[in-house]
Q: 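Structure provided below as C-alpha cells; questions to follow.
Below, read A as the first sequence line, B as the second, and so on, with proteins coming before strands; counting in each chain starts at 1. Bear in mind the structure is a predicted one, so any value in this text is a computation, not a measurement.
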Amino acid sequence: MSKDLRITNSKFIDQTSRISFKFDGKNLYGFKGDTLASALLANNIHLVGRSFKYHRPRGIMACGSEEPNAIVQVGNDTSMTEPNTRATEIELYEGLEASSQNCWPSVNFDLGAVNNFFSPLIPAAFYYKTFMWPANFWKLYEYFIRKSAGLGKSPTEPDKDIYDHRYLHCDVLIVGGGISGIMAAKTAAKNNLNTVLIDDKNILGGTTLFQENECFKINNSYSNEWLKKEIESLNSLKNLTIKTRTSLAAYHSYNYLLARENLTDHLDLDEKKNKIRQRLWKIRAKKVIIATGAMERPLIFNNNDRPGVILSSSIKKYIDFYGVKCGQKISLFTNNDSAYETAISLNKCGVSVNSVVDIRDKTNSLIVKHAEKLGIKVHWKSTVVNTNGYKKINSIEIMKLSDDGTNVIEKKINEECDCLGISGGWTPRVHLFTQSGGKLKFRDEDNVFVPDKSDLDQISIGSCNGDFGLDDVIKNTVNLINKFLKINNNDYENLEIISSKEIDKKNIWLLPSDKPLGKTKPFLDFQNDSTANDIKLALREGFKSIEHVKRYTTTGMATDQGKLSNMHALGIIAETAGVKMGELGTTTFRPPYTPLTFGAIVGRNVGEFFDITRKTPMHDWHVENKAEFENVGQWKRAWYYPKDNENMHEAVQRESKAARDSAGILDASTLGKIDIQGSDASEFLNRVYTNAWSKLEIGKCRYGLMLNEDGMVYDDGVTTRLSENHYLMTTTTGGAANVLSKLEDYLQTEWPELDVYLTSVTDHYGTVSICGPNSKKILSKVIPDLDLSDKEFPHMTFKSVLIDNIKCRVMRISFTGEHSYEINIQSSYAKSVWEKCFKAGKEFNITPYGTETMHLLRAEKGFIIAGQDTDGTMTPIDLQMDWIISKKKYDFIGKRSLYRSDTIREDRKQLVGLLTDDPNEILEEGAQIVAETDKQPVEMLGHVTSSYFSPNLNKSIALAVVKNGKKLMGQKLFVPMKNKTINVTITDTVFLDKENKRLNA
Amino acid sequence: MFLINCPYCGERDQSEFSAGGEAHIIRPKQPTELSDDQWAEYLFMRKNIKGIQFERWNHAHGCRKWFNMVRDTSNDKIHAVYKMGEKPPIK
Amino acid sequence: MLNFNTTIIDTKEYSEIEISVIEPILKINLRGKNRDFITKIGKELSIITPIDPNTSSSNEKLNLLWLSPDEWLLYSNDKIDIKDVNSLEDKLFREISKVKLGSVTNVSDHWIMINLNGTKIFELLSTGCPFNFNNFKNSKGAVAQTLINHIDVIIHNKNFNDLNLFVRRSFSSHLWSWMNDSARFI
Amino acid sequence: MKNKYSIFSLIKNAFSYHENWQRAWRDPEPKKEYDAIIIGGGGHGLATAFYLAKKHNMTNVAVVEKGWIGGGNTGRNTTIIRSNYLWDASAGLYDHALKIWEGLSQELNYNVMFSQRGVMNLAHNLQDVRDLKRRTHANRLNGIDAVWLNTDEVKKFCPIINTSPNIRYPVLGGTLQKRAGTARHDAVAWGYARGADAMGVDIIQNCEVKGIKRNADSVEGIETTKGFIKTKKIGVVAAGHSSVIANMVDLKLPLESKPLQALVSEPVKPIIDTVVMSNAVHAYVSQSDKGELVIGAGTDAYVSYTQRGSHDVVEGTLKAILELYPIFSRMKMLRQWGGIVDICPDASPIISKTHVKGLYFNCGWGTGGFKATPGSGDLFAHTIANDEPHKLNADFNINRFVSGDLVDEHGAAAVAH
C-alpha cells in the first residue's frame, strides 16, 4: 500500500485493524471501515473494469450506489460468487476476493479493447442496421455478440446462503439517515409514534457526518459535531427502531415497501456461515418520510471517462471519511460551489489542488472566498475540453468559454494531474417518490426534478426534496415534518446556522469542445458506453421520446439504471430538440432502487418449502409400505406400491388384478368433503348439479356432475343424504377448494335467500376405500354388528356406525365397479381403521393400491376423471352422460350454455372407448386420432384421454374424445405415432361388466 | 400490495383476498328465455372499465365473505367497499 | 381398540418461544344467521356469542371464536374425551340444525391446534404473516384469520404472549416444520 | 427503400460521423381523410399498416398512437416466439406468424434479431405429461416441429435445470420446439414503422383517440387530440385498452385487462442458451443478447390499467425460478415492470369484424401476443382490406363467444405466454 495515499486523521477508519484482501489475484490490504473502492484507491488502483461496448479502461468514479464503473465479481467459489457488485458498496472483510469483469485476458490487457478502434463503426443501435446478411448467419453473429456482452459470471452451483423475510408495521418509516432523516426520526419518535429509520450505510449521518468546514456550522459547532450528538441522542428513544445496512428496494402503492437488510456481507469469510445473509423487510407504514439525499452529477465533455476522473464529492468522502487521497495532484472541474468544499478538504489534508476549473463567471460565495483565501487557483468561465492518459488520467486541457457558453475560445492550457474531480451540480434522489406513483415538477433555476404530487401519505425532505443548502435543509425539514406529523413542538426550531449560500448557477449539459462533436467521446452512460453523440444520432433518426432514445441508445439501462446519466440525456434531448425539460418528462424509475438478489426476494421458500405439502392421515403407513407418491395438487398421494423390484407397470397390473379377484384397499382421504346443512339443502343441490336431488331418500347416495356456467364439466362426486336437511358432498381432490368457494359465491351473491350452510370437512375425515368380491367379508370382520346384506345395505346407500365407539360413516359406493365400501372416520383414527381393515383382509390377500390402479380400474368401467377425460371443453352430452341431465329441472348452473348453437351440435368431440387391433398395443395418452393416414396436415378427430393395459380383460383399453364419436361406433380409425400408425376401433366406453353384476357380487 | 378494508374484518393485506371481477352482473332469473346473444352478454361480455369500476372481492383467507369494491382501475385507488346486496355508496 | 394419531406430538423450545401441539381438542363449527341462533348457542353453551368481528368469548371449559357474521368456531380449553365431543355435537345438532336454526359440524380433526408461547412469538409470526399484530398483541381474546406463509390459520390471543393457532390437519406438518425452521433465526 | 441499412451504409456513415442518417420514419400531421386508420402503434398495429400497404396496396393509411410507437406491450414483453399450440386454429395462426418471423429482418431490412434457440415447455405432473404429449402429437400432425423430451434429454438440452427427482415437483419431461425462440421487441415495432412509413403510411404519435364517429351502421371517422380524421375503415389494435375504444361505440368485448409483470436480472455472461417455460412451476426464462435473464411473471387477478402489479406475483415467479435454477439465487433483479394485457375467456385472440361496418378489432392476445405480431398484422390487414377474415383467422371471430365454439387454449393447459 503506497503509504502516502492514506492519511491518518480519519475517525471512521480503524488503522489498528488491518484487513487483507485480493483484487485480480493481487494480495492487498486495507483497514476496518474501508470499502473495496477506498482500499483500492489507497493502493493507488483506479483501473478496475472495462466498459460494456468499447472495453475502454474505467476506474472508480463515485462512492455509493450510483457507481457506474467499479463493478466487480466477488469470490470465486462456484456457488458463492457474486457478479456485478459495486466496489463502492462492498465493506472490506478478511478474505475478500474480487476481480474485474468484462475483460480478457486481464483488465490491464484486454483484447476486447479493439472495439474502441472500431467504435466509429458501432454507434448507437448499429446492430439493427447490420448482421442481416446472409440471412441464416444471424445465429453465428449472435453467438459472438452474446459472448462479448454480459458483465460478470453467474454462479454455477446452488447458493449455500440463507435468506429471510419479515413483515413490519409502523406509524412512520424514514428512509435515509442523513441530517434531515435523523431530525425526522427523533421528532417522530419523541411524539410517541412507532418509528423506523433505515439507512443503507453501516453508520448513520450521511455526508454531514464528515462535514467539518468553517462555512457550515450549527449552534457554533461544526455541522458534523452537532449531528454526532444528535445521533447519540437517538439511542434513548424507546419507540424508534434503527436499521443500518438496509436499503429501500421498492416503494409500492398503499405504503407497502420492501427493504433489504444485509446481515453477513460485511463479515469475515469464516463468520458468514449458517447465518441469514439478507433479510427482506415487507413494510406497511402509515406514513413514509423519504430522506434519501441527492447525487452529484458528472460533467459531459470529451474523454470524461478515464480512470482518475471522479465525482468531486466522492473525492471529498474518500479524503474526509476514509482518509484516502484519490491522487497527489488533483484538479477539479465544476459548475457549482460544492467542488470548493472538496478543494478545502483536500487542502486541509495537504493534498495539492492544481486548480478549480469553473464554468461560471467569478462568484464570491462564502465558501469560494474561503477557498481562494487558502490560495486555491480558479479558472473562471472555463471548461475542460479533453483529458489525456489511457489507463489513468495524466493531464487535462482547459479552454475559456465564450459568453454564451456554446463555444470555447483563446488558447488551450494543459494541466498535469493524476485525478480530476468533476461536479455538475446535484440531482435529488426522487426514485422512490416516483416509484410510489408520485409526480415530479421541474425547477428551472437549477435544472432539477423535485417531488410534486402524491396520492400516498408521504413526504420528501432534505436534498431529495431539492434543498441543498444546510440552512434550507434544516428550516424546511422542520416545517415539513411539523405539518406532516401534525405536531408543533420541535427541538430543531431556532437553531443557529452558518451556511455558505450558492449565489451563481450555470449549467451546460454538453460542454463545448474545440473538436467537432463527431470526433469526441463525451460519455453519458459510462457503463453502457453511450455518448452525447449517440443521443443526437437517435434524435436525428426520429427517436424523439425519452423512452425511445433510452432504448435506442441503451442510455440509463445499465446496472446503475442511469443514476448518473438520465439527467444529462434529458438535458441534451431538450437542448437538441428545442423543448423545455419540464415538458419532456422523465423516464419512469422502476423498482428495485438498487439490484436485489433473487434469494432475498424468495426468502426461505426454497427446497422443502418451495410449496406446501399436504399429507393424509395414513401417509406414514404408505411410506412404511414403500409406496411411490404422486403429486396431486399439493397433496402427496400413494401412486403405487412396488413389491421387491417391480416397476410401475408390474405393480399396477398386480394391484388391479388383486382388487378385482379378491380385495383392494385405497386411501381416498384427499377427496374434498363438504358438510351441507339447512332447510334448502335439496334445492341448493338441484341448482348446482345437473341432476335432480329433491327425491333422494335419506340414507342414499347419488353421483352428481357440476358444470361451469359455460356448460362445461367442472367437477363430479358422490353426495349422500344424511338426514332431511343434511348432506355430505364429495368433490374431486383437485377441485375441493374451488368447488367450495364457487358454491359459497353462489350462496352469498346469487341465492342469499337459500337457507344453506357449507362447512368443509375434508381434513376432518380420513377415507378408507375397500373394494373387491371379498370386501364384504372384510368389512364384516371390522364392523361385526353391521348388517351387510344387499337388502339392508344396498349399493349407493350409507350407514352411520361405531367402530370401537368411534363414529363413522360407511358408504357403499364404487369407483371401480366392484362391490366396495368407503369408511369415513375422524382423521385421528383413520390410520388405525386402515390397519384394522388391512389386518382383517390379510386372509383375502387384501392389496393396497394407489392412484394409478384406481385410474385403471375405473377406466375398465368407463368412469371419467374430470380433468383427465375432460379438459374444460366437454359437456355432459359430449361425455355421453345425457342421462345425468334432468329434463324436468328449470335451471341449474350451466344449463343454458348447453343449448347454444355450437354446444348442441351433434358432431362435437364425444367420449368413446378405443380398442387397438393388437390387444397388446398400449396407446399413448395424448395421442391423436385420425381417419386418413396419407394426408399431411390431416384433420385430427380427437385424442386418447386415458389408456391402460387391463390385466382383467388381458388387453389394452383406452378412452378417447372423438369428433362425432357417438355415431362412429365400430368405426376403424388410426392413431399415427412418430414412427408407426396404430389401428384402433371405436367402442362403448364400458369395457368390463356392462351389466354391473360385480357391484353386488 | 393493496391494503383492503374488508367490510367485516377491517384492513387486511391484499394476499388474504381474491378478486371476482365486475360487480352487479346479476345472473338471469330465467336463462332459458334468453337468446344466445343475451346469454353471452351475461357470460362473457364485460365493461372492463378504465376508471371507476365496481367489482367483487372475496376475503378468501379471512371471513370468506364476498363484498363489493369501488376501485379506480387507472390508479388502483380504492374509493369504497360495501357489503353484498348494499347499494354502491358512489354513483 | 382404535388408537389415536395426531400429525405431530411434540413440543419445541427456542429462546423465548415454545411451540407445541395440543390434541385432542374439541372443535365444532357453528353457522347461523338469525337472532335465535345467537341466543340459542349462548344458552346451550352458557357463553356469550361474540358478534363483534375478530373477537371471542370464553368460559372455564370452552372458547367461542367469531369467524364471520354467520360462522363461529367452538373449541375446548383442555384435551377432551371423544365421548364428550360426540355428546356435545349431538346435543347442539339437535337444538340447532334439526330445528333449522343453522348448522353444527364437528371439525375436531379438521383443525390441529398449535400453542405458541413466549415473548418472541409475534416475531416468529412476522416471518410469514402479513397481519398487523400491533394492536392484536395487547387485546386478550382477539381472533385473526389470516395466512402464515400461504397457509390458512386461525389465531386466538388466549393470553398475553400465549396464542392458540389452528391449521388444517393436512397442512399441519408442513406449517410445523416451517415454523420451527423460522424459530431458528429469531 | 430510402437509405438501406447494411454494414456498408454503416461504414459510409462512419466517415461523416453518422451525421447523415435519415429519419427512420416521418413525423407527419394527420391528413383530413384516410382509407383506413389503425388505432394503436404497437407491433401488431404497425405490422397491420405495413401489410395493408405491401399486400393490399392501401397506402393512404394512418397509424394513430396515444404515446410513442412500441411503448406498450411490444416494448414490455419477454419476446418469446413459438407456435406449438394445441388446437388446429391456433397452430395455424401462430405458425403462420413464425414463418414470417423467419424472414422478417430481410423483409424489413431491419435486424429484429430473431433468434431460433428453441423453446422448451416442462411437465411436472402426470396431467402435464398427458397435455404436453397431446400437444406434441397435434403439432407433429400439423407440421409443427415439436418433440417430446424425457427428463435426461431436457437436462441435456438445458443443463442448468434442476432435474433432481427429489425436488417438490420433479421435471417429468418436456416438449421442445427448435424453430421457436426470441426476438428484439423494439426492433419489431421500429422496423415495421420504418417499412410502413417508406410506403407512405402516416405514423402519428402523441395522438389519442377520444371518440369514434359512426352513423346507424358504419363508422365515419375518429375524434383525436389532433382533431377529427375521416375514414371508412378503423382497425383497433389497442391491446389492454381495447375495451376503452370499444366502449366509445357501446360495444362490449369478452375482455379483462390485467397487469402482467416481467423482470430482468443484471447482465451476465451466457449461462442459458434457450427459452424454458413451465406451467406447473410457473416461470419462464431466457437470456437476452445483452446477457440479462429475462423472466416473465404472472398476471394479477384483478383489472388494472396501472402497468403495475403486486409484489406477490414477482415473488412467486422467482420462487419458481430458484426451484428450477437454484444457481440463480445470487443473481440480482435489475428492473421490474408491468404491462396491461387484454385476456379472453378462452385465452385465444380476437381478429374479427364487428356488427359495426368498417370497425375491426384485433385484441385478446393476453400474455402471448408478441409471438404473433407479423401473422396478426398480415391477417388483420387481410380482414380489413377484404372485409372478410382470412381462413387462418376465421375461427377467431367475436361470435364464437355467442355460439360457444371457443378455441380453449388454457382449457388445454397450453402455456399462453
Side-chain angles (χ1 to χ4, degrees), chain A residues 82-84 120-121 123 126-132 135 142 145-146 149-159 252 518 537 540-542 545 547-548 551 559 590-592 595-599 601-602 605-606 610-611 631 871-873 900-903 924-928 937-938 940 943, chain D residues 5-7 10-11 14 17-19 21 23-25 27 68 71 105-106 110-111 115 125-127 130 133-134 137-138 141-143 168-169 186-187 266-271 289-291 311 315 318-319 321-323 326-337 403-405 408 411-412:
Chain A
E82 185 165 16
N84 310 341
L121 288 185
F126 71 99
Y127 30 75
Y128 296 133
K129 295 175 176 156
T130 180
F131 301 129
M132 289 178 280
E142 191 185 33
I145 292 171
R146 288 169 79 83
L151 294 168
K153 295 187 187 63
S154 158
T156 52
E157 295 290 322
D159 194 348
H252 296 292
L537 173 64
R540 196 174 300 127
E541 293 192 76
S545 86
E547 286 296 341
H548 274 176
R551 287 157 173 273
T559 62
R590 300 191 171 109
L596 191 57
T597 56
F598 290 3
I601 294 169
V602 172
N605 291 339
V606 291
F610 165 67
D611 193 19
N631 286 315
D871 61 7
T873 68
R900 293 174 296 170
S901 57
D902 275 305
T903 39
E924 182 169 280
E925 288 172 347
Q928 297 288 327
V938 53
M940 287 169 252
H943 72 283
Chain D
Y5 292 157
S6 71
I7 182 66
L10 271 168
I11 295 167
Y17 310 118
H18 301 284
E19 278 167 17
W21 287 105
R23 306 180 57 104
W25 52 81
D27 191 12
W68 302 92
S105 292
Q106 288 68 31
Y110 205 92
N111 189 352
S115 162
N125 59 55
L126 299 175
Q127 193 53 42
R130 286 183 200 101
K133 282 191 171 171
R134 176 184 173 194
H137 285 294
L141 295 172
N142 273 319
R168 183 67 181 82
Y169 299 107
D186 293 331
E266 293 182 332
V268 286
K269 294 293 175 190
I271 181 81
D289 288 343
K290 199 176 173 218
H311 172 71
E315 180 177 325
L318 287 175
K319 196 168 83 168
I321 289 287
L322 293 195
E323 172 77 347
I327 68 168
F328 287 153
S329 166
R330 297 176 95 82
M331 292 288 289
K332 301 193 212 83
M333 175 167 83
L334 177 60
R335 225 172 26 250
Q336 165 207 339
W337 66 91
S403 69
D405 191 17
D408 197 336

Q: Search all heavy atoms of D/Ser329 against all heavy atoms of A/Thr597 and return the closest pair with its distance.
A: O-CB, 3.9 Å
Q: Please classify the contact between D/Glu19 and chain A as side chain, backbone, both or neither, with a heavy-atom cut-off of under 4.5 Å.
A: both
Q: Do the non-hydrogen side-chain atoms of D/Gln336 and A/Arg590 ever get within less than 4.5 Å of each other?
A: no
Q: Out of D/Leu322, D/Asn142, D/Asp186, D/Leu141, which one racks up the most heavy-atom pairs below 4.5 Å with chain A?
A: D/Leu141
Q: Output the distance between atom CG (A/Leu596) and atom CG (D/Leu318), rounded to the nearest 0.5 Å.
A: 9.0 Å
Q: Quick one about D/Ser115 and A/Glu142 (side-chain donor to acceptor, distance below 3.5 Å, no hydrogens or angles considered), yes or no?
A: yes
Q: Could you tell me which of D/Gly143, D/Pro267, D/Pro326, D/Ser6 has the largest number of non-hydrogen atom pairs under 4.5 Å with chain A?
A: D/Pro267
Q: If you look at every heavy atom in A/Pro123 and D/Leu10, which pair is closest and at what distance?
A: CD-CD2, 4.1 Å
Q: Just give me the residue among A/Thr156, A/Asp611, A/Ile145 that pairs up with chain D most often, heavy atom to heavy atom, under 4.5 Å.
A: A/Asp611
Q: Give the member of A/Ser901, A/Gly599, A/Gly518, A/Ser545 that has the highest number of heavy-atom pairs under 4.5 Å with chain D.
A: A/Ser545
Q: Can you check whether A/Leu151 reaches D/Lys269 side chain to side chain, under 4.5 Å on heavy atoms?
A: no
Q: Is the shortest heavy-atom distance from the side chain of D/His137 to the side chain of A/His943 under 4.5 Å?
A: no
Q: Any chance you could measure D/Ile7, atom CD1, to A/Lys129, atom NZ, to the nearest 0.5 Å?
A: 11.5 Å
Q: Closer than 4.0 angstrom, basic N to acidic O: yes or no for D/Lys332 and A/Glu82?
A: yes
Q: Please examine the side chains of D/Arg134 and A/Asp871, heavy atoms only from C-beta on, and report whether any two atoms are closer than 4.5 Å.
A: yes
Q: Between D/Asn111 and A/Tyr127, does the side chain to side chain donor-acceptor pair (under 3.5 Å) criterion hold? Intermediate values first, please.
A: CA-CA 7 Å; D/Asn111 189 352; A/Tyr127 30 75; over 6 Å; no
Q: Kindly compute the distance separating OG1 (A/Thr559) from CD (D/Glu266), expressed to the nearest 0.5 Å.
A: 5.5 Å
Q: Between D/Gly404 and A/Arg900, which heavy-atom pair has the shortest distance, and what is it?
A: CA-NH1, 3.5 Å
Q: Tell me, please, whether A/Phe610 has D/Lys319 positioned over its six-membered ring: NZ or CZ under 6.0 Å from the ring centre and within 45 degrees of its axis?
A: yes
Q: Hey, what do you get for NE2 (A/His252) to NE2 (D/His311), rounding to the nearest 0.5 Å?
A: 6.5 Å
Q: Drop me the distance from D/Glu315's CD to A/Phe598's CZ, to the nearest 0.5 angstrom.
A: 13.5 Å
Q: Does any part of the side chain of D/Glu323, heavy atoms only, come nearer than 4.5 Å to the side chain of A/Val606, both counted from C-beta?
A: no
Q: Tell me every residue that passes salt bridge (Lys or Arg N to Asp or Glu O under 4.0 Å) with D/Arg335, counting only those two or more places apart in sequence or in another chain.
A: D/Glu292
Q: Which heavy atom in A/Asn631 sits nearest to a heavy atom in D/Tyr169, and how many Å separate them?
A: ND2-CD2, 3.6 Å
Q: In terms of heavy-atom proximity below 4.5 Å to chain D, should A/Leu537 be classed as side chain, backbone, both, or neither?
A: side chain
Q: Which residues pass the ring pair (Phe, Tyr, Trp, His ring centres under 6.0 Å) test with D/Phe328, not counting sequence neighbours?
A: D/Tyr325
Q: Tell me, side chain or backbone of A/Glu547 under 4.5 Å from chain D's heavy atoms, or both, or neither?
A: neither
Q: Hey, mind stepping through A/Glu541 and D/Arg23 against side chain to side chain contact (heavy atoms under 4.5 Å, CB included) and telling me if it holds?
A: CA-CA 4 Å; A/Glu541 293 192 76; D/Arg23 306 180 57 104; 5.8 Å; no
Q: Highest number of heavy-atom pairs under 4.5 Å with chain D: which of A/Met132, A/Glu157, A/Glu925?
A: A/Met132
Q: State whether A/Glu924 and D/Lys133 are salt-bridged, where the test is any N-O pair (Lys NZ or Arg NE/NH1/NH2 against Asp/Glu carboxylate O) under 4.0 Å.
A: yes
Q: After noting the C-alpha distance and the side-chain angles of D/Met331 and A/Ser154, does the key distance pass the side chain to side chain contact (heavy atoms under 4.5 Å, CB included) rule?
A: CA-CA 7 Å; D/Met331 292 288 289; A/Ser154 158; 3.8 Å; yes
Q: Between A/Leu121 and D/Ile11, is there a side-chain heavy-atom distance shorter than 4.5 Å?
A: yes
Q: What's the shortest heavy-atom distance between D/Trp21 and A/Arg540, and which atoms?
A: O-CG, 3.9 Å
Q: Name the option with the most non-hydrogen atom pairs under 4.5 Å to chain D; the candidates are A/Pro591, A/Pro83, A/Gly542, A/Pro120.
A: A/Pro591
Q: Only pairs of heavy atoms separated by less than 4.5 Å count here; which of A/Thr130, A/Thr903, A/Asn84 has the most with chain D?
A: A/Asn84
Q: Can you check whether D/Pro270 reaches A/Arg146 side chain to side chain, under 4.5 Å on heavy atoms?
A: yes
